[in-house]
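Here's the structure we're looking at; comments come further down.
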Amino acid sequence: MKTDKFKDGLPDPSALRDEMLEKYPTKVAKKRAKSMVINDPAEQQEVQANVRTIPGIITQRGCTYAGCKGVILGPTRNVVNITHGPIGCGFYSWLTRRNQTHTDSDMEENYIQYCFSTDMQDSNIVFGGENKLKDAIREAYDLFKPEYIAVFATCPVGLIGDDVMRVAQDMTQELGIEVIGFACEGYKGVSQSAGHHIANNNIFSQFVGTLEPKREGKYRINMLGEYNIGGDAFEIERILDKLDITLVSTFSGNSTVEQFRSAHTADLSCVMCHRSINYIADMLEIKYGIPWIKVNFIGAESTAKSLRKIAQYFDDPELTAKVEEVIAEEMPEVEAARAKAFAKTEGKLAMLFVGGSRAHHYQDLFRELGMKTVSAGYEFAHRDDYEGRDVIPTIKIDADSRNIPELDIEKDEELYRERLDAERKAKLESEGFFREYDGMMVEMDKNALVIDDISHWESEKLIEFYKPDVFCAGIKEKYIVQKMGIPMKQLHSYDYGGPYAGFKGAINFYQDIEVMVSANVWKMISAPWEKEPELVGRVGTEVEYA
Ligand code: CFM
């Protein structure tokens, strides 16, 4: 037990950082150094992010296709999502995450459980795969008669020049349903992040603003960047229901295309995962006048804070009172669970290397447990997710980001509506109420080590140095971390636990983490390399990577 190991503050990790860099060829070290920052919340520090991964470094990252199909479109239940590519791409983006959905009735469409793929073969690579894609779309249509089919390009499709966008247009004509193409070849950007952007651009231009639902409810919101992992969206919906807040759309956990089409009728957008969705939030504001705020439903305190912020926006005493009532109702159970776990978790150490928002959001839950985050980083976030949105104008646009078109959005004269009177809006604006996200670093302790796009080697060194009580990442890292004797918590799929959002989610998280940090099982196992000699080699050249 090493409770309160760093109670007087985190140690200076400079020597550790040097040791990690020393092993790399000079040019690689120079590049990696820019992505490893010893945090000082009092300073504005720059982290190199959203740049190409160095080949061979063993990254945690995924690809553009994964971001487009797996993350953004995957959770929407009434779209048949067809992967045009080799079967591995479809298989890996199927059942590897825990997107859930609830239909409103047994008659409603739900294709989430299915995996549709064109299963490209060598002959398709040589002779082209467009006909095979058309056949796959026809087959899916004949079987299910869906209203929407989406097709996604993978790397080989782009390399041989199959045009999924044209096929989608042709098939829209032929079948009379909406077939929507996504040119999200895996290599198109430096990570999943490019896929989010491609998906969001197409969803926005193709769907948003095309359906006029009955405008019910006094408080109408969009929830952006919530993907219903492990049932998180169900818990958020439970809370919003109690408050009579109408969820017009969620992008895209537990969603339907009709929700996207109606999103322009909401009066406020709440952004959960800033990284994946800030594009849509901005476009909804420019085109339809819907202001957006950053929220976080991960952590009980953060949930309460987010609800209060929503109430502040609507400025209705009835809602404000109801929010306080619901918080007062939910908190005793949360507090009891927290107090129980706290005895075991206080002073324990956590590390988080996850995606583009969770490495930040989950620090709130660890804080509630009295745990310290000693090191954290994103796989593919941009500088604003580390340093705050104020740095956006200073971010250099490189060839990779230029690859993804920015939509030119203008005010929709017919559908645009001011949501607030000018005076109130100006007042809230001046308080920094809207479009505000300060990023991860300002909330982290001094000397915490922030690392973007961490490599396998770096994770290993971090574990040796800090000996954390829990390491949070994904399935690719899980078993390596466990073999090092450290409890490992997946935060992409929750290891089939969860939900972790909202009040009930916080309780689940406290319980799961208490068990994990109290278990000694991983420390009792000795890894093979501890018993047998290890072969050490070095492969590498002094090649310059752009
Ligand atoms: Fe946003 Fe996400 Fe995440 Fe993400 Fe992802 Fe994800 Fe993630 Mo895995 S959209 S950035 S691309 S919160 S799939 S639901 S868990 S890496 S931290």
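Atoms within each ligand, like the ligands themselves, are counted from 1 in listed order.
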Pairs touching residues 471-482 that satisfy salt bridge (Lys or Arg N to Asp or Glu O under 4.0 Å), sequence neighbours left out: K478-D495
contact_flag S357 ligand 1 heavy-atom lt 4.0 Å: yes
Under-4.0 Å heavy-atom contact with ligand 1, by part of H196 that carries it: side chain
Salt-bridge present (E108, R77; N to O < 4.0 Å): yes
Any Y378 heavy atom less than 4.0 Å to ligand 1: no
Salt bridge (Lys or Arg N to Asp or Glu O under 4.0 Å): pairs with one or both residues in residues 188-203, sequence neighbours excluded: E185-K188
Row check, F471 ring normal vs K489 NZ/CZ: under 6.0 Å, within 45°: no
Proximal atoms of ligand 1 relative to G356 (non-hydrogen, under 4.0 Å): 3 (Fe), 10 (S), 17 (S)
Short N/O/S contact of C273 with atom 1 (Fe) of ligand 1 (below 2.8 Å): yes
Centroid separation F251 to Y227 less than 6.0 Å: no
Ligand-residue contact atoms, ligand 1 with S276, heavy atoms, under 4.0 Å: 1 (Fe), 9 (S)
Contact check, H361 vs ligand 1, heavy-atom distance below 4.0 Å: no
Y114 atom OH: more than 12 heavy-atom contacts under 6.0 Å: no
Ligand 1 atoms in contact with G355 (distance to a heavy atom under 4.0 Å): 7 (Fe), 16 (S), 17 (S)
